Amino acid sequence: MSEKSKKILITGNEAITEGAIAAGCLFYFGYPITPQNEIPAFMAKKLPMIGGCFIQAESEIAAINMVYGAAAAGVRSMTTSSSPGISLKQEGISFLAGAELPAVIVNICRGGPGLGNIAGSQGDYFQATKGGGHGDYRTIVLGPSSIQELYDLTFLAFDLADIYRTPVLILADGVLGQMMEPLAFENGQKPKMNLPEKTWALTGAKNRPPNIIKSLYMGEGELEEKNWLLYQKYQKIQNNEIRYKEYHAQDAELLLVAYGLSARICKGVVNKARKQGIALGLFQPVTLYPFPSSALAFRAGKIGKVLTIEMNMGQMVEDVKLATGSSSENFFYGRPGGGIPSDEEIFQSCRKLL
Amino acid sequence: MSEKSKKILITGNEAITEGAIAAGCLFYFGYPITPQNEIPAFMAKKLPMIGGCFIQAESEIAAINMVYGAAAAGVRSMTTSSSPGISLKQEGISFLAGAELPAVIVNICRGGPGLGNIAGSQGDYFQATKGGGHGDYRTIVLGPSSIQELYDLTFLAFDLADIYRTPVLILADGVLGQMMEPLAFENGQKPKMNLPEKTWALTGAKNRPPNIIKSLYMGEGELEEKNWLLYQKYQKIQNNEIRYKEYHAQDAELLLVAYGLSARICKGVVNKARKQGIALGLFQPVTLYPFPSSALAFRAGKIGKVLTIEMNMGQMVEDVKLATGSSSENFFYGRPGGGIPSDEEIFQSCRKLL
Amino acid sequence: MAEKKICIAGSGGQGVLLLSKILATAGMLDKKNVTLISSYGAEMRGGVINCTVIISDEDIGSPIAKNPDILIAMNNYALQKYGPKIISGGLLIANESLIHDSQFFGNNIKASFLPATEIAKTSSGHTKSTNMIMLGAFLHKTKLLSLQNIQESIKLLLPAKNQNLISLNLEALHEGMGYFKEEIFYD
Amino acid sequence: MAEKKICIAGSGGQGVLLLSKILATAGMLDKKNVTLISSYGAEMRGGVINCTVIISDEDIGSPIAKNPDILIAMNNYALQKYGPKIISGGLLIANESLIHDSQFFGNNIKASFLPATEIAKTSSGHTKSTNMIMLGAFLHKTKLLSLQNIQESIKLLLPAKNQNLISLNLEALHEGMGYFKEEIFYD
Amino acid sequence: MAKIEINIQRCKGCELCISVCPQNIIAIGNTLNQQGYYVAAVQHLEQCTGCALCAETCPDIAITVFK
Amino acid sequence: MAKIEINIQRCKGCELCISVCPQNIIAIGNTLNQQGYYVAAVQHLEQCTGCALCAETCPDIAITVFK
Amino acid sequence: MKEIFSRPKSLKNVPFRYCPGCHHGLIHRLIGETIDFFDIQDKTIGVAPVGCAVFAYDYFNIDMLEVAHGRPPAAVTGMKRARPENIIFSYQGDGDLASIGIAEIIHTANRGENITVIFVNNAVYGMTGGQMAPTTLTGQVTKTTPYGRDNRVDGFPLRICELLATLDGPAYIERVAVNNPKNIKKAARAIRKAFQAQIDNLGFSLVEVLSACPTNWKMSPLESNQWIEDTMSNTFPLGVYKNISS
Amino acid sequence: MKEIFSRPKSLKNVPFRYCPGCHHGLIHRLIGETIDFFDIQDKTIGVAPVGCAVFAYDYFNIDMLEVAHGRPPAAVTGMKRARPENIIFSYQGDGDLASIGIAEIIHTANRGENITVIFVNNAVYGMTGGQMAPTTLTGQVTKTTPYGRDNRVDGFPLRICELLATLDGPAYIERVAVNNPKNIKKAARAIRKAFQAQIDNLGFSLVEVLSACPTNWKMSPLESNQWIEDTMSNTFPLGVYKNISS
Ligand SMILES: Cc1ncc(C[n+]2csc(CCOP(=O)(O)OP(=O)(O)O)c2C)c(N)n1
Ligand SMILES: Cc1ncc(C[n+]2csc(CCOP(=O)(O)OP(=O)(O)O)c2C)c(N)n1
Ligand code: SF4
Ligand code: SF4
Ligand code: SF4
Ligand code: SF4
Ligand code: SF4
Ligand code: SF4
Ligand SMILES: [Mg+2]
Ligand SMILES: [Mg+2]
């Protein structure tokens with residue numbers, strides 16, 4: 001029984017809450033929106049029981065600013081939403097980045113633009129990775145593709161946020177949020193990384209000079225300097241935090257590139273193809289920012305042919321092209337608006353290229 | 001006197017209002033923010049006198065949604081703001097795109113992220129061109145570089161918005177908004193393009209079936225289909241609406257690529273260099289979306305060396321790289337956070353590459 | 001075991017999600033890879049609900065199945081909507097009690113009809129355990145999952161304090177397993 | 001004419017912006033290319049205001065000048081802050097009335113000091129037209145713009161109904177043009 | 001002199017009409033409609049006064065009243 | 001027995017202290033401070049009662065009161 | 001025999017996709033009847049955001065605009081300024097109007113925009129599956145108040161009519177219910193008065209309708225109506241909160 | 001002789017960058033004195049958004065957070081929930097609190113968050129150069145009401161204390177002015193009471209301060225003070241609007 005109970009069948013949305021709570025996130029602020037409503041529902045149940053706090057904010061904007069305040073106070077805090085709600089948080093995310101506050105933001109992406117629908121989608125890749133808010137900032141963006149990764153990467157997100165004092169986005173989609181899969185809990189029990197103390201936090205200026213957290217830099221050249229410091233931080237993140245996975249990539253004749261739900265679909269396609277003797281391989285970025293450009297360039301250069309698969313009209317494919325340059329032929333297959341590509345469709349697209 | 005009076009000395013912000021009013025925009029909704037406050041101030045003065053309507057909205061979000069309502073009613077309408085305020089409008093812009101409503105949105109960009117400062121900046125290029133809102137949509141983005149262009153492109157923006165039923169962004173910056181330059185009015189007096197009637201507008205269903213304007217498509221495959229229709233529209237825009245300028249580009253040994261304020265600074269640099277016998281040239285995208293990729297690829301391919309200049313940490317440079325591929329060596333010089341590159345700095349950067 | 005895609009469809013209140021969770025949990029306990037995804041809609045009630053459970057020895061790619069190997073159809077609407085999607089050579093288990101129109105499909109399907117609602121009503125006095133009857137039938141027909149872990153799953157997923165409910169459901173399960181009806185072979 | 005970059009600096013209420021607009025408008029009427037940009041800050045009052053006017057026969061690139069060719073300094077603070085930025089070989093026109101500290105700079109600058117505030121006060125009874133005195137001095141020293149179009153600009157930019165104000169300003173302009181003070185040559 | 005008609009495909013069996021009919025002549029019957037609801041039916045149509053309370057209460061506008 | 005001190009670099013010459021002094025002993029003088037303001041000054045310090053109304057009214061906390 | 005009660009022509013002849021006993025359909029009908037009454041079908045424009053009534057455009061037989069969550073008052077403002085000759089109403093839930101959209105409703109009411117708002121208060125977020133709304137009652141269990149709404153943690157039930165009545169802009173504000181025939185008649189009159197205010201160019205009008213959500217209340221439709229009578233209307237007293245024409 | 005009046009130690013010894021006669025500095029001082037009075041400098045956290053007081057972090061000698069325009073109540077909520085042992089206040093202008101941030105203030109007040117808000121009503125957007133605020137008086141000329149505020153077009157002056165007093169969450173709400181010594185004393189008492197409410201864990205407290213903006217009002221500081229007395233306080237009557245402890 002105890003052996004068995006280590007694995008539980010759980011939805012993606014619930015896995016996020018478990019990962020967050022395991023990471024010590026006791027402060028959650030959110031606003032209902034499908035397909036992520038299970039997250040606030042679970043948090044509302046659990047947090048009061050473990051000394052934490054759940055607030056259903058009056059809006060997504062209030063939620064991100066509650067996170068801003070809680071983060072400034074030095075606690076781990078999170079908000080989650082889905083596409084339209086994430087758009088509303090863009091000012092707040094830019095402020096978090098500017099004030100260098102750690103926070104975790106989850107986007108269970110749905111079909112857009114506008115109200116769109118509530119199906120799974122990857123239509124917010126640009127928004128997440130290029131910065132939907134104003135100014136020269138970046139957020140770390142993680143793209144989980146399984147329930148286990150939703151848990152693990154949520155856990156990781158809090159550490160990365162604290163280490164780099166930066167907002168971290170988790171970009172998943174409605175299908176990942178709603179689907180169930182077994183989650184192995186022990187993976188989450190790893191100790192937290194060795195984190196710097198939050199000496200900058202606002203806790204009351206007791207026995208120390210007052211702390212100030214802000215993003216306004218009006219003096220001549222001040223903001224520019226601040227931006228270059230941010231830039232250095234982003235460089236450091238690029239050097240240290242790139243994560244990706246390869247699957248049958250070494251000997252592939254065609255390299256699929258996909259993240260999140262489309263990556264797991266592609267994995268199925270690779271398996272299917274391999275059984276038929278067709279040498280497909282998969283390159284799966286796990287960090288969408290920083291994008292694993294060099295690793296991809298290396299692999300793509302060897303193989304020479306890359307097919308990017310997205311649940312949108314073509315967004316990550318720009319990063320793929322930027323990474324690979326002309327060292328490989330680049331192709332794209334995508335379905336926007338909540339259309340989920342099936343194994344067969346992708347397989348057919350691959351065949352055409354072989 | 002009459003000859004003379006055709007030219008007036010005017011700020012960029014004022015030029016925008018003149019362009020909008022000349023284009024028949026009678027409905028303006030905005031919220032104060034530096035460095036674009038002259039726009040609402042001028043509109044508040046002028047619109048009531050010509051039968052239009054100015055509202056100081058309670059927020060940027062209210063303003064964009066007032067525009068949404070007015071646009072749905074079939075009138076020309078506009079809002080303006082600056083970076084943080086534009087972030088707040090991202091949900092609204094995505095809705096405009098999804099509902100296919102024509103509207104003009106001006107971003108007089110300032111230094112970011114967060115509150116940043118109020119200097120001129122190009123830090124919102126990604127947000128504007130890749131879509132800061134959620135979902136697979138695009139907006140036409142125009143990048144004026146002079147007071148005359150601010151006027152002309154504002155005027156044009158309304159036509160493009162109506163023709164393609166799409167929001168059009170004007171991306172300028174604090175310096176362009178605040179600076180004065182002579183404006184020749186006669187350029188604005190050109191007749192409007194031959195525009196389709198707005199049979200879709202909500203005017204009351206008199207002698208016709210009711211019109212519905214929405215962005216929700218819940219039926220299976222409906223939203224995907226909608227997205228492909230949008231995609232086709234964006235393809236059409238890419239085919240028909242690309243605008244750019246070249247300056248001493250033909251025989252250049254090094255091609256500068258820049259838009260907006262940095263383009264005009266580069267123009268000065270080109271002049272200076274040419275006087276010293278150094279063959280610099282300038283490629284200036286005027287439409288930032290659709291980006292003039294082919295034209296740039298053609299020119300860059302001939303010259304082989306491209307230096308992108310931006311008032312940010314490197315954003316448009318990605319589009320430049322995507323356009324040119326490896327047919328040219330790509331370099332970048334940028335200053336973020338409201339830093340304005342001087343002639344000399346740029347000139348020095350160029351020299352290093354020659 | 002090759003990948004099996006099971007579609008469970010019915011209307012709200014028919015226990016489609018619970019049935020699906022039991023299948024997936026049992027698969028997990030059987031040390032298989034499993035995924036479960038349920039449809040979710042903007043409309044609240046009255047719509048048809050469908051879940052897809054995939055059970056496999058290998059990693060599972062897409063949790064969504066355009067064409068299931070097996071359909072468990074709890075009512076007529078479910079049958080009409082998802083029946084035609086079963087793959088050739090697939091299996092249908094349908095609740096005959098709520099089906100008034102079964103002359104629709106289709107290629108090479110093994111179909112088992114059982115009057116699950118009535119069986120439930122007769123044996124337990126009410127229709128709530130219809131889903132367990134269907135589960136029993138499924139188990140009998142496919143032998144895809146171990147009975148032990150199905151039972152274990154039922155216990156895991158029902159509130160432990162309500163022993164009564166658990167035994168009621170286990171009974172219904174066996175009732176379903178025991179029921180036998182000749183197979184019709186469409187082709 | 002080569003490009004001339006003129007910096008006009010002073011404190012709020014000294015008419016810096018009007019003076020700059022007159023320069024730029026006159027340049028435009030002289031059929032030159034012109035740009036004007038004024039500093040703007042988050043702080044409301046008390047700060048120093050500065051405008052940059054560029055006048056050129058060619059297209060003007062950046063409207064911002066790190067190092068102006070000419071500085072019109074309306075007070076001490078303006079001189080302290082912008083004086084050191086004047087290019088070598090450049091020109092300074094400074095309002096001596098408000099300058100109590102002129103021993104700072106620098107390389108090869110032609111400097112003209114005139115007690116503009118006092119001149120204004122003496123001739124018109126108040127100090128409001130100090131900016132026009134400075135404008136006159138500028139015109140006299142540089143001959144960069146036609147007197148006719150400077151006058152035209154003043155008329156364009158002041159409210160037409162207030163003829164009194166216009167003539168007052170025109171008078172002050174001429175007063176400034178007429179004033180002469182030996183030049184000091186720093187190097 | 002009065003009657004009502006219940007559109008059984010529109011009816012959702014909510015029972016609200018039943019609760020307001022002064023004549024107490026509506027009840028849920030055994031008919032399942034296409035939406036899957038057991039629908040309301042009039043038992044003694046002849047007793048209907050045409051007061052329309054049922055129709056006014058029906059959230060689904062399933063009832064038409066004639067007089 | 002009482003006195004005030006005006007920090008002339010902080011004073012902005014707003015005249016609010018002047019308006020509230022019951023002794024009427026503050027006025028704007030001829031001193032221009034570094035910020036460019038003509039600042040307030042006490043004319044008859046000996047008449048000061050130390051009531052502190054001036055200080056409480058000063059938006060720039062330019063006045064210190066002693067007693 | 002003549003039809004004395006049938007579907008208003010301002011509603012399309014299609015079934016509502018609401019739960020059994022849900023009042024949304026009933027409220028739609030009252031609006032449809034009002035439009036018919038004033039014979040303004042060809043100049044009325046309806047505006048609806050998300051919420052269970054997001055498909056309002058499928059039901060109303062008039063020009064319809066769908067708007068982002070909470071923003072109808074702003075959109076209606078833009079539209080009404082552009083087309084003052086049209087009659088424009090928004091149809092908003094309590095999550096929409098009282099939570100995310102509270103800024104827009106307050107400022108629109110305060111500007112006295114000459115529009116009509118139908119505010120459907122069902123004490124819950126219906127569409128998203130039953131989360132707390134600003135109007136959720138103290139102690140009420142919802143998806144996000146699993147232990148019952150605790151005022152100190154989750155806030156107090158927000159009374160919109162009372163709040164808006166403190167403003168100078170509104171011309172007409174009334175709270176009604178549709179849980180029994182008497183209340184339905186009153187509700188019909190209130191909606192008519194609100195439209196009349198707009199037609200007479202008096203300014204902002206709003207009718208709050210206490211509305212059943214049997215699904216998320218986990219009650220039968222009959223219990224729901226009773227709960228409105230016995231419990232909900234204690235927190236939200238029915239009545240006219242503002243009427244400048246009286 | 002002893003210093004009987006000097007700068008509170010909770011303020012840094014730096015000059016204010018406000019216009020002559022601007023009340024922001026005065027209000028800062030009253031807050032600083034309150035913090036000194038309660039001896040809570042080492043556990044008080046101040047939160048300020050944009051507005052002329054955006055540099056508040058340069059003035060207050062305590063931990064300070066700068067927040068996006070209008071959102072301090074949300075940020076303070078997040079912070080106070082995380083650190084209930086700290087005393088937290090926000091300092092917000094009328095543009096900030098009553099316009100873009102009206103949703104946040106209403107919901108925070110309605111949740112009865114145990115925080116203190118100092119609301120500076122100067123009837124105008126100071127920082128951005130004098131546009132209309134929600135509290136701009138009828139007929140008042142601003143950059144965006146060049147012909148004077150017209151209620152039907154631009155809305156009515158919004159009375160925040162009256163609005164918030166309709167809610168159940170607030171513990172203490174008072175409107176004060178600082179335009180003369182008597183009013184300054186009352187204002188000091190009000191701010192002290194508001195902090196006291198937070199210290200006593202009574203819930204949300206807010207003090208609205210009528211504040212002069214001579215620059216954008218285009219009046220002298222003295223005229224400004226007189227205008228507050230004669231005109232502004234007619235639209236915004238001074239007084240206690242809510243006090244649950246009394
Ligand atoms: C920006 C944004 N946030 C959240 C949502 C999700 N959402 C859809 S409807 C709704 C609220 C529904 O509640 P209510 O307005 O009370 O209407 P009801 O369904 O109860 O009639 C929410 C939060 C959304 N569509 N957009
Ligand atoms: C999102 C956003 N919108 C607009 C602004 C511009 N802005 C800065 S301060 C301010 C309002 C200032 O008015 P108020 O809050 O009354 O403070 P005051 O300056 O009058 O003290 C505005 C609109 C901004 N910084 N951010
Ligand atoms: S019309 Fe009146 S009497 Fe007739 S069925 Fe309806 S409620 Fe009963
Ligand atoms: S009120 Fe309408 S829907 Fe409800 S039972 Fe009666 S007829 Fe059916
Ligand atoms: S302390 Fe009182 S008497 Fe003394 S100067 Fe100040 S106001 Fe006047
Ligand atoms: S009140 Fe203060 S700032 Fe104003 S004049 Fe007096 S001392 Fe100076
Ligand atoms: S969930 Fe509630 S509000 Fe929505 S349709 Fe069902 S009963 Fe009506
Ligand atoms: S603009 Fe107004 S509020 Fe701002 S500092 Fe000046 S007087 Fe004070
Ligand atoms: Mg609701
Ligand atoms: Mg203000």
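A, B, ... follow the sequence lines: proteins, then strands. Residue 1 opens every chain. No hydrogens, no waters, no symmetry mates; every other heavy atom, side chains included, goes into these values. Model, not experiment: these values are computed from the prediction.
Across B/G123, B/G92, B/G114, B/G132, the residue that shares the most heavy-atom pairs under 4.5 angstrom with chain A is B/G114. Comparing B/G112, B/G339, B/A128 by how many heavy-atom pairs each has under 4.5 Å with chain A, the most go to B/G112. Listed options A/G337, A/G221, A/G314 were ranked by heavy-atom pairs under 4.5 angstrom with chain B; first place goes to A/G337.
Contact detail for B/P113 and A/G98: the closest heavy-atom pair is CG-CA, 3.7 Å.
No side-chain heavy atom of B/L88 sits under 4.5 Å from any side-chain heavy atom of A/L88.
If you measure heavy-atom distances from B/L96 to chain A, you find no contacts under 4.5 Å at all. Heavy atoms closer than 4.5 Å to chain B are found nowhere in A/I86, neither backbone nor side chain. Contact of B/L230 with chain A is made through the side chain alone, with heavy-atom distances under 4.5 Å.
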Below 3.5 angstrom, are there any donor-acceptor pairs between chain A and chain B, and if so, which atoms and how far apart?
unit_1: A/S87; atom_1: OG; unit_2: B/H134; atom_2: N; d: 3.0
unit_1: A/S87; atom_1: OG; unit_2: B/H134; atom_2: ND1; d: 2.7
unit_1: A/S94; atom_1: O; unit_2: B/G114; atom_2: N; d: 3.3
unit_1: A/S94; atom_1: OG; unit_2: B/G114; atom_2: N; d: 2.9
unit_1: A/G112; atom_1: O; unit_2: B/N227; atom_2: ND2; d: 3.1
unit_1: A/G114; atom_1: N; unit_2: B/S94; atom_2: O; d: 3.4
unit_1: A/G114; atom_1: N; unit_2: B/S94; atom_2: OG; d: 2.9
unit_1: A/G114; atom_1: O; unit_2: B/H134; atom_2: NE2; d: 2.7
unit_1: A/L115; atom_1: N; unit_2: B/S215; atom_2: OG; d: 2.8
unit_1: A/G116; atom_1: N; unit_2: B/S215; atom_2: O; d: 2.9
unit_1: A/G116; atom_1: O; unit_2: B/Y217; atom_2: N; d: 3.0
unit_1: A/D124; atom_1: OD1; unit_2: B/G135; atom_2: N; d: 2.8
unit_1: A/Q127; atom_1: NE2; unit_2: B/G132; atom_2: O; d: 2.8
unit_1: A/K130; atom_1: NZ; unit_2: B/E318; atom_2: OE1; d: 2.8
unit_1: A/G132; atom_1: O; unit_2: B/Q127; atom_2: NE2; d: 2.8
unit_1: A/H134; atom_1: N; unit_2: B/S87; atom_2: OG; d: 3.0
unit_1: A/H134; atom_1: ND1; unit_2: B/S87; atom_2: OG; d: 2.7
unit_1: A/H134; atom_1: NE2; unit_2: B/G114; atom_2: O; d: 2.7
unit_1: A/G135; atom_1: N; unit_2: B/D124; atom_2: OD1; d: 2.8
unit_1: A/D136; atom_1: OD1; unit_2: B/M313; atom_2: N; d: 3.1
unit_1: A/D136; atom_1: OD1; unit_2: B/Q315; atom_2: NE2; d: 2.8
unit_1: A/D136; atom_1: OD2; unit_2: B/M313; atom_2: N; d: 3.3
unit_1: A/S215; atom_1: O; unit_2: B/G116; atom_2: N; d: 2.9
unit_1: A/S215; atom_1: OG; unit_2: B/L115; atom_2: N; d: 2.8
unit_1: A/Y217; atom_1: N; unit_2: B/G116; atom_2: O; d: 3.0
unit_1: A/E224; atom_1: OE1; unit_2: B/R335; atom_2: NE; d: 3.4
unit_1: A/E224; atom_1: OE1; unit_2: B/R335; atom_2: NH2; d: 2.7
unit_1: A/E224; atom_1: OE2; unit_2: B/R335; atom_2: NE; d: 2.7
unit_1: A/N227; atom_1: ND2; unit_2: B/G112; atom_2: O; d: 3.0
unit_1: A/M313; atom_1: N; unit_2: B/D136; atom_2: OD1; d: 3.1
unit_1: A/M313; atom_1: N; unit_2: B/D136; atom_2: OD2; d: 3.3
unit_1: A/Q315; atom_1: NE2; unit_2: B/D136; atom_2: OD1; d: 2.8
unit_1: A/E318; atom_1: OE1; unit_2: B/K130; atom_2: NZ; d: 2.8
unit_1: A/S326; atom_1: OG; unit_2: B/S326; atom_2: OG; d: 2.3
unit_1: A/R335; atom_1: NE; unit_2: B/E224; atom_2: OE1; d: 3.4
unit_1: A/R335; atom_1: NE; unit_2: B/E224; atom_2: OE2; d: 2.7
unit_1: A/R335; atom_1: NH2; unit_2: B/E224; atom_2: OE1; d: 2.7

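A/L115 contributes atom CG, which lies 9.5 Å from atom CG of B/L223 (distance to the nearest 0.5 angstrom).
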